[in-house]
Every structure is written in structure tokens, then in C-alpha cells.
Number of protein chains: 2
Amino acid sequence: MNHEAATAPTLQDQTLSLGPLELRLGDREALVSGVRASLTVREFEVLEALTERPDRVITREDVYGRVWGGRMPYRDRAVDVHVKRIRQKLGAIAPNWTFVHTHFGIGYRLSPEAVDEGQQ
Amino acid sequence: MNHEAATAPTLQDQTLSLGPLELRLGDREALVSGVRASLTVREFEVLEALTERPDRVITREDVYGRVWGGRMPYRDRAVDVHVKRIRQKLGAIAPNWTFVHTHFGIGYRLSPEAVDEGQQ
DNA sequence: AACCCCGTTAACATTCTTTTCACCACTGCG
DNA sequence: CGCAGTGGTGAAAAGAATGTTAACGGGGTT
């Protein structure tokens, strides 16, 4: 006998998958290839913001607005620094994948791409 | 995470299509046959300016005014240089298409044209 | 208090973009 | 044909944006 009906997926349990990347929105956990990436809260939020439109460019201002709220102060580097750490942590788990792409002068784009191994 | 602006109706997603060319105005991204052309911001803006009246000639002065604002300095080559790189990038993706046409002494005209393969 | 974690900030390094210049090819005309 | 103006192109110089590291400081914990 099973009681599956009792465990209907609530929004909190929602997970989002993009290639080897998996975001558990409810408990703010990110997994890469099933491995915990141990992102901090801010890091997770930035990554989640990029998730709004996967494979599309999201401006720095947009990320800032979604995570911190309000306008991004002139020359603020908070977004960059967090992106750097996100890349670092995800990259440590999946070295031949690239997740966050820079769009110079605009912002970032999240789309997991396998790196060609021929160049290692 | 701040969700105040989360689901704002981003009509920035507006895209413009001309033959195999697709401009995502909001993201400032240009695609050719679905492939990202990775134009820089200026390059995109110049291309966008030519888009104002597709298939019609647009003067250099006009392009300059729309992208840089103000009058074009005497003998300024900025527009030309950017057109050159636009052609280069678009051409790399779709070798048998021509997008930007020169009108001597006047300016440029944007209209994607397939090149007859028989002449190669 | 001492410690640790995290977010922020500042400073410097690096990479990418834009501008500028020089040289040459091409056009149109006398 | 030769001249003058215009556009194509490559590359250096100048300028901006992003990458990266480390220090600082607030909170919470021991």
C-alpha cells in the first residue's frame, strides 16, 4: 500500500534542471551531476536569477534587481563577484562544462555547455 | 531573493526578423540562421540602425546620429569599421548570404540576399 | 573574547571593445 | 588616363568592462 497522494509536490519542492545543473528551489540547493555545490544563499539567488530565462541574456541590472532589489549602484561589483564564485564552485564539480556566459557590456547568460575536450 | 520585479512583463523579448537574420532587441543579440553572431554592443546598435528602414538606403550620417548621437565628424570612419565587422561576423555564419549593401557616396542598405551558388 | 562564515568592497590584473590611423582599392568624372 | 573623393581593411592605441584576489566587517556561535 502506498500513500503517494500525501506527498504531492508543493512549489517548495520544485526543482529545475538545466543540463547537469539542478536547482532545488525549495531548500536553495544546487547540484551538479548530482553533487552538492554548496552555494551560499546569495550565490544561489544569483544563479536562480539567471534561471529566469535560461539561455537568454540577463542584464546585470536585472540580476541586481531580482536579488538585492532596487537599482544597482554605479560601479557595483557584487554581481560579478558572486558569478565568479558560482563559476568556481560549479566548475570544480564539472570541469568540462561551462554554465555562465558573459555578454560584454550587457550581462550574463546561463546555459550549460560541454567544453571540447580536445583542448585540454 | 526579492521577487518584486520577478515576473514583470519583459516585452523586451521583442525580436525582429529579416531573412535568416534575427535581432533580439531586448537582449541586444543577433542570430543568423539561429546561430548567435556575438556582436558587440556597438555593432549591434549599428545593425539595429540599419534596421530602421529595411531594404532602404540609410545614410552614414543617419546611422551615426542614431548610434552615437550628434553630427558625424568630418571623415569619421567609425560606421564603416563597424559595418565591416558586422559583415565579417554575419558572413562567417552564413557565407552565401549578403546582408549589408554599400551605396556609394550615400550609405548602407540592409537586405539579406542569398548568393547564387552557381558562380562560385 | 576568539572564531568562523559570509557578503561587501576596494584594488589590481586581464580581457575585450572601440576608436583611430594608415594604406590601398575602387568609383566617378573631367 | 589621372585626379579627387569614398569605402575596405588591418592593426595599433586608447578606453571600458569584467575577472580575480584579498582585506574588511557584521553576525552568529563556541
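Residue numbers begin at 1 in each chain, while the letters A, B, ... track the order of the sequences.
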Whole-Å distance separating the CZ atom of A:R75 from the P atom of D:dG15: 15 Å

What's the CD-P distance between B:E61 and D:dG7, to the nearest Å? 9 Å

Between B:V32 and B:I93, what is the shortest heavy-atom contact and its length? O-CG2, 3.5 Å

Specify the separation, in whole Å, of atom CG of B:D76 and atom C1' of C:dT20. 9 Å

Could you state the CG-C1' distance from B:D80 to C:dA22, rounded to the nearest angstrom? 14 Å

Assess the side chains of A:R109 and A:S111: does a donor N or O sit below 3.5 Å from an acceptor N or O? yes

Compare side-chain N and O positions of A:Y108 against OP1 and OP2 of D:dG19 and report whether any pair is under 4.0 Å apart. yes

Which atom of B:E43 lies closest to which atom of B:S38, heavy atoms considered: OE1-O, 4.4 Å

Check: B:A78 main-chain N/O paired with B:D76 side-chain donor or acceptor under 3.5 Å: yes

Give A:V41 one of three labels, base, sugar-phosphate or nothing, depending on what nucleic acid heavy atoms sit under 4.0 Å from its own. sugar-phosphate

When only distance counts, do a donor and an acceptor, one from the side chain of A:R85 and one from the base of C:dT8, lie under 3.5 Å apart? yes

Side chains of B:R60 and B:Y108: is there a donor and an acceptor less than 3.5 Å apart? yes

Taking only the side-chain nitrogens and oxygens of A:K84, find out if one of them lies under 4.0 Å from OP1 or OP2 of D:dT21. yes

Could you verify whether a donor N or O on one side chain and an acceptor N or O on the other, from A:R87 and A:T102, lie under 3.5 Å apart? yes

To the nearest angstrom, how far is B:L47 atom CG from C:dT18 atom P? 14 Å

Whole-Å distance, B:R77 CZ to D:dG5 C1', equals 11 Å

Are any of B:R42's side-chain N or O atoms less than 4.0 Å away from OP1 or OP2 of C:dT19? yes

Let me spell it out: for each of A:V81 and A:R60, pick the nucleotide of DNA chain D with the closest heavy atom. Which residue's pick is nearer the 5' end? A:R60

Mind checking if B:I106 touches a base, just sugar-phosphate, or nothing, with heavy atoms under 4.0 Å? sugar-phosphate

Please determine, for the side chain of A:H82, which listed nucleotide (C:dT19, C:dT8, D:dT18) has the closest atom? C:dT8

Closest nucleotide among D:dA17, D:dG7, D:dT21 to the B:T102 side chain: D:dG7

Taking only side-chain nitrogens and oxygens of A:T40, does any of them come within less than 4.0 Å of OP1 or OP2 of C:dG7? yes

For a quick check of understanding: with a heavy-atom distance under 4.0 Å over all strands, which category does B:R87 fall into, base, sugar-phosphate or nothing? sugar-phosphate

Consider the side chain of A:W68, meaning its heavy atoms from C-beta on, and name the nucleotide among D:dG8, C:dT8, C:dT27 that approaches it most closely. C:dT8

Counting side-chain heavy atoms from C-beta on, which of D:dT21, D:dG7, C:dT18 comes nearest to A:Q88? D:dT21

Whole Å only: how far is the CD atom of A:E43 from the P atom of C:dG7? 6 Å

Could you tell me the separation between the CZ atom of B:F104 and the P atom of D:dG7, rounded to a whole number of Å? 6 Å

